[in-house]
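Got a structure for you, written out below as C-alpha cells; questions coming shortly.
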Amino acid sequence: MSNRYRKNLLVCNGSSCQQASDADLVAFINFKLKEYNLEDGIKVVQSVCSNKCSIGPNIIVYPDNVEYSKVTKSDIDDIIIEHLLNERIVERLVFDKENGNGVAPIKQYRIALRNCGFIDPEEIKDYIEKDGYDALAKCLSKYTPEEVTQEVIKSGLRGRGGGGFPTGLKWEITSKSVSDQKYVVCNADEGDPGAFMDRSVLEGDPHSVLEAMAICGYCIGANKGIIYVRAEYPLAVKRLKIAINQAKEYGLLGKNIFGTGFEFTITIKYGAGAFICGEETALIHSMEGFLGEPTLKPPFPSVSGYLKKPTNVNNVETFANIPAIINKGADWYASIGTEKSKGTKVFALAGKINNVGLIEVPMGITLREIIYDIGGGIVNGKKFKAVQTGGPSGGCLTEKHLDLPIDFDSLTAAGSMMGSGGMIVMDEDDCMVSMARFYLEFIVEESCGKCAPCRIGNKRLHEMLTKLCDGKGTMEDLDLLRNLSVVVKDTSLCGLGQTSPNPILSTMANFYDEYYAHVAEHRCPSGQCKSFMLYYISEENCIGCLVCARKCPVGAISGEKKKLHIINQELCTKCGVCMEKCKFHAVHLN
Amino acid sequence: MMTICESNVAKIEAICKEYNCDKGELINVLHQTQNTFGYLPEDVQEIIAENLQTSLAQVYGVVSFYSFFTMIPKGKHPVNICKGTACYVRGAEKIIDEFKTLLDINIGETTADEKFSLSSLRCIGACGLAPVVLIGDKVYGRVTLDSVKEILDEYQ
C-alpha cells in the first residue's frame with residue numbers, strides 16, 4: 001500500500017455496500033477529513049467487494065488492518081477522532097473475526113483477487129508496490145517466450161471462463177501459428193446472470209490483467225491486445241482506461257518495454273449486451289463490428305481469429321492469475337488445488353444464502369464448506385435444496401453432492417459445470433421446474449438464432465416447461481422434454497446450445513419427483529407455481545375489514561363489512577396481494 | 001420518429017470520423033451515437049450506414065441483435081429491473097408485475113407522458129441486495145411489493 005499517506009481508508013465500493021450506505025460515504029468522508037485538516041495525510045480509496053455484503057458498508061483502515069462494518073454517516077466522526085487522530089480503535093464497529101458478525105472469512109485463498117480491496121485501482125504506484133509488473137520484467141529480461149509458456153503449462157492453470165482449457169497449451173498453439181500479426185484478447189464479457197467476479201477484478205486490480213496480457217503477447221508473438229468488455233460495466237471501463245494510460249506513461253505498455261525492444265499496446269472494445277458474445281468466435285465477430293454469431297471450430301481462433309489473424313482469447317480471471325504464477329513459480333501454483341484443477345477459483349455466491357458476495361477458494365474445497373462455513377448457511381435457517389453452478393449452462397448440485405470436492409472434472413461428472421463461477425443457492429421453497437424454466441427463458445432470449453436446434457429447440461423446451469408450470473403437462477411431455485434436451489445438446493453449433501438443456505437434464509435427474517408431482521399429482525411441491533395454488537379466506541380469522549377486497553386488482557373478492565369475505569376463484573389471478581395485505585392471517589394458500 | 005436537423009447529422013458524421021469511418025468500429029459508433037441521442041431511430045442508422053459505407057441492413061441487424069441498443073426513446077426515468085438469477089430467486093418476477101400494473105406498460109415500453117420506461121436487465125452485481133431495481137442511476141435494493149409505489153412516487 002502506498003506510503004505517501006499516513007493511513008488509507010479503504011471504503012468498499014461494491015454495489016451492495018454502496019446501496020446499504022445512507023449516503024455517498026466516500027464523498028462524505030473526504031468532506032469530513034477536510035474539516036479536520038487531515039486530507040493530506042489520509043487517503044480514501046474506493047475498493048471492491050470483499051464478500052461481506054450482508055454487513056456492509058465496510059471500511060478497512062490500512063496499515064492498521066482494522067475493519068469496520070455497518071458504518072453509517074454518524075460513525076465517521078468517531079472513526080476520525082478516535083482512530084485517525086488518537087490511534088484508538090472504535091471497538092463497537094469492529095468486524096469481529098471470531099464470530100464473524102455472521103461472516104467467516106476463513107478457508108479463502110486469494111490469488112486472482114490478491115490486490116482487490118487492498119490497493120487503489122486508479123493508482124499504478126499502488127500496484128507496483130505490490131510487485132506489480134515484476135512478472136513482466138522477469139519474463140522480458142530473463143526468459144524466452146518458450147520458457148514462460150512452459151512455466152504456465154507447468155502451473156496447470158485452466159481457463160476460468162468456463163471451458164477449462166489449459167491456458168499454457170492455448171498459448172503454445174497460438175505461438176506456433178505463423179503470421180505477420182497476432183492478437184491477445186481479454187474476454188471481459190461477463191454475461192452469466194448472478195456472476196460478477198470479472199467485474200471485481202477489472203474494478204479492483206486492472207493492472208494485473210494488463211500485465212498478464214503483455215506477458216501473453218510476449219509468449220505468442222503478438223504486439224496488440226484488445227479487451228472486450230461489457231458496456232454495462234461503466235466503472236470497469238473507466239478504470240481500465242486510467243490503467244492503460246498510466247501504464248503507457250510509465251513505459252510498461254507501448255514501444256520498447258523495459259528497454260528490451262518488446263512492443264505491446266492495449267485497446268478497449270465494447271460489448272452491447274449479448275450473452276453469446278462470451279463464446280470466443282462470437283466475441284471475435286462482435287469485435288469486428290458484426291452480429292455476435294459463433295462459427296464452427298476449427299479453425300480455432302489460435303489459427304484464424306480477429307481479422308483472420310491468430311488470436312489468443314483468455315478470460316479476465318485467467319489473466320489475473322498469470323503474474324502471481326510467474327512471480328511465485330509454477331510449482332507453488334500447482335501445489336494448490338486438486339490433481340487436474342490447479343490453483344483457486346473465484347465464485348459469486350448469491351441466492352438464499354446468508355453471506356452473499358465473492359469468494360476465492362482453492363480447488364477441491366467441498367460444497368459444504370462453501371455453503372455453511374463461508375456462506376454462513378441458508379437464509380432464515382431454511383433447508384438447503386440445491387445450488388446452481390455454471391449459470392444458465394450449468395446444472396444443479398444437491399444435498400448428496402455436499403461433500404464433493406469441487407473442481408472442473410468433478411462438477412462435469414456430477415452433471416453440472418464450473419462455468420464462470422456463479423453459484424446460486426436455493427432453499428426448500430424453490431421449485432426446480434420453474435427454475436429450469438427461468439434458465440430456458442434466458443437462453444431463448446439470448447440464443448443468437450443461427451442454428452436451428454438452439455433457436456427452435458430451446459423455444460419448444462421453454463414452452464413445455466411453461467406447460468408443466470401451468471399444470472397442463474402430460475407424462476408424454478416429460479419424455480419429450482428429456483429427448484429434445486438431448487437432441488439440442490448434441491446438435492447445436494456452439495457451447496451455448498450444447499449446454500442450454502443442462503438445467504433441465506440435471507433437475508430431472510435430481511428432482512424427478514417434482515416433475516412427476518407437477519404432472520401426475522397436479523401440485524407444485526414447493527408451492528411456487530401459481531396455477532396450482534388456490535387462495536381462500538378462513539372463517540375463523542377474517543374479521544371483515546374489506547382491506548383485501550379493496551386491494552384485489554381484479555375485484556375477485558366480495559364481502560361486506562364485518563362479514564366473511566369470499567374469493568371468486570374464476571376471477572382470481574393468484575397475485576397474492578390479499579395474503580400480503582391481510583393483517584389477520586386470514587388468507588391461506590392451498 | 002425524430003427528424004434530423006443538419007447539426008445532428010454533423011454530429012453523427014463527426015462520430016463516424018472519430019473512428020475513421022471504419023466498418024469494424026460499428027458497435028463503438030453506435031454506442032457513442034446512442035449516448036448522444038438516447039436512442040437509434042431509423043434515419044440515424046441510415047446516416048451511419050452511409051458514413052461507414054455499409055448497408056442499412058447491416059446496421060439494423062447489429063442494432064436489433066444487441067440488447068443494449070434501442071430504437072424506442074427511453075422515458076425521463078428509465079426503470080430497469082434486474083432479472084439475474086439471484087434476484088429471480090428472491091422474487092423479481094412479482095416486482096416486475098407490480099411495476100407493469102402501476103405504470104400500465106409492458107417491458108420495453110415507455111409511458112404515454114414519456115416519464116417512465118420499463119426494461120429488465122441481467123445482473124448488475126448487487127446480488128446481496130436482491131431483488132434490485134434501477135431508476136436512472138439510482139439503485140433500490142431489497143425491493144418489496146409495497147415499496148414499488150413509494151419508489152415511483154419519488155418521481156411523480
Side-chain angles (χ1 to χ4, degrees), chain A residues 14-20 49 53-54 56 190-196 199-200 230-233 269-275 277 286-293 307 348-352 355-357 388 391-392 422 424-427 430 435 438-439 442 445-446 448 553 575-577 580, chain B residues 19 22-32 34-35 52 54 58-59 61-70 80 82-94 97-98 101-102 119-130 132-134 137-142 144-146:
Chain A
S15 314
S16 295
C17 279
Q18 256 187 38
Q19 296 317 312
C49 193
C53 304
S54 48
E190 186 173 51
D192 173 2
F196 48 100
R199 190 183 74 155
S200 291
R230 287 181 83 186
E232 289 92 331
Y233 287 174
K269 289 239 178 194
Y270 303 105
F275 180 63
C277 289
S286 180
M287 285 187 356
E288 290 166 345
F290 297 108
L291 303 189
E293 287 178 335
L307 304 176
L349 210 51
K352 304 247 179 90
N355 308 327
V356 171
Q388 176 84 14
I424 308 284
V425 180
M426 287 165 273
D427 70 6
D430 288 305
M435 205 59 215
F438 167 77
Y439 280 117
F442 176 82
E445 272 175 37
E446 293 296 338
C448 77
C575 68
V577 166
E580 272 202 35
Chain B
Y19 290 97
D22 178 358
K23 259 186 255 189
E25 297 289 344
L26 176 58
I27 292 174
N28 280 345
V29 169
L30 290 173
H31 268 300
Q32 210 168 324
Q34 185 163 297
N35 279 344
L52 300 187
T54 181
Q58 167 72 21
V59 177
V62 169
V63 169
S64 54
F65 182 88
Y66 294 97
S67 62
F68 202 83
F69 299 129
T70 174
N80 267 303
C82 183
K83 255 174 100 184
T85 322
C87 288
Y88 173 80
V89 171
R90 294 203 176 187
E93 294 279 287
K94 277 189 180 171
D97 287 343
E98 186 70 8
T101 319
L102 288 178
S119 35
S120 63
L121 47 75
R122 303 279 181 188
C123 202
I124 57 163
C127 306
L129 296 170
V132 176
V133 173
L134 264 155
D137 289 330
K138 187 160 180 199
V139 182
Y140 296 85
R142 302 210 175 96
T144 60
L145 279 180
D146 287 326

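Per chain, numbering begins at 1; letters A, B, ... match sequence-line order.
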In terms of heavy-atom pairs under 4.5 Å with chain A, the winner among B:Lys94, B:Gln58, B:Lys23 is B:Gln58
Can any side-chain N or O of B:His31 pair as donor or acceptor with the backbone N or O of B:Phe68 at less than 3.5 Å? no
Heavy-atom pairs under 4.5 Å with chain A - which of B:Val132, B:Leu26, B:Leu30, B:Leu145 has more of them than the others? B:Leu145
Report the residues that fulfil ring pair (Phe, Tyr, Trp, His ring centres under 6.0 Å) with A:Phe442, sequence neighbours left out, ordered by chain and then residue number. A:Phe275
Heavy atoms only, distances under 4.5 angstrom: which of A:Cys277, A:Gly292, A:Gly391, A:Gly422 has the most pairs with chain B? Name it, please. A:Gly292
Heavy-atom pairs under 4.5 Å with chain B are the metric here; pick the option from A:Glu580, A:Met426, A:Gln388 that has the most. A:Glu580
Between B:Asp22 and B:Val29, is there a side-chain heavy-atom distance shorter than 4.5 Å? no
Looking only at heavy atoms and a cut-off of under 4.5 Å, which of A:Ala274, A:Gly191, A:Gly289 has the most pairs with chain B? A:Gly289
Over all heavy atoms of both residues, which pair between A:Ser286 and B:Tyr66 is shortest? Give the atoms and the distance, please. OG-OH, 2.9 Å
Determine whether B:Tyr88 and B:Glu93 make a side-chain contact, defined as any pair of heavy atoms from C-beta on separated by less than 4.5 Å. yes
What residue, out of A:Gly576, A:Gly351, A:Ala350, has the most heavy-atom pairs lying under 4.5 Å from chain B? A:Gly351
A:Ile424 versus chain B, heavy atoms under 4.5 Å apart: side chain, backbone, both or neither? side chain
Begin from the C-alpha positions of A:Met435 and B:Val89 and carry the test side-chain contact (heavy atoms from CB on, under 4.5 Å) through to its verdict. CA-CA 8 Å; A:Met435 205 59 215; B:Val89 171; 3.9 Å; yes
Side chain / backbone / both / neither for A:Tyr233 at chain B, heavy atoms under 4.5 Å: neither
Okay, A:Glu445 and chain B: the region with an atom under 4.5 Å from a heavy atom over there is side chain
Heavy-atom distance under 4.5 Å to chain B: side chain of A:Cys448, backbone, both or neither? both
Check whether B:Glu25 reaches the backbone of A:Glu288 with its side chain - one donor and one acceptor, N or O, closer than 3.5 Å. no
If you count heavy-atom pairs under 4.5 Å with chain B, which of A:Tyr439, A:Phe290, A:Phe438, A:Tyr270 comes out on top? A:Phe438
What part of A:Glu190 lies closer than 4.5 angstrom to a heavy atom of chain B: side chain, backbone, both or neither? neither
Could you walk me through whether A:Val356 and A:Leu349 pass side-chain contact (heavy atoms from CB on, under 4.5 Å), step by step? CA-CA 5 Å; A:Val356 171; A:Leu349 210 51; 6.0 Å; no
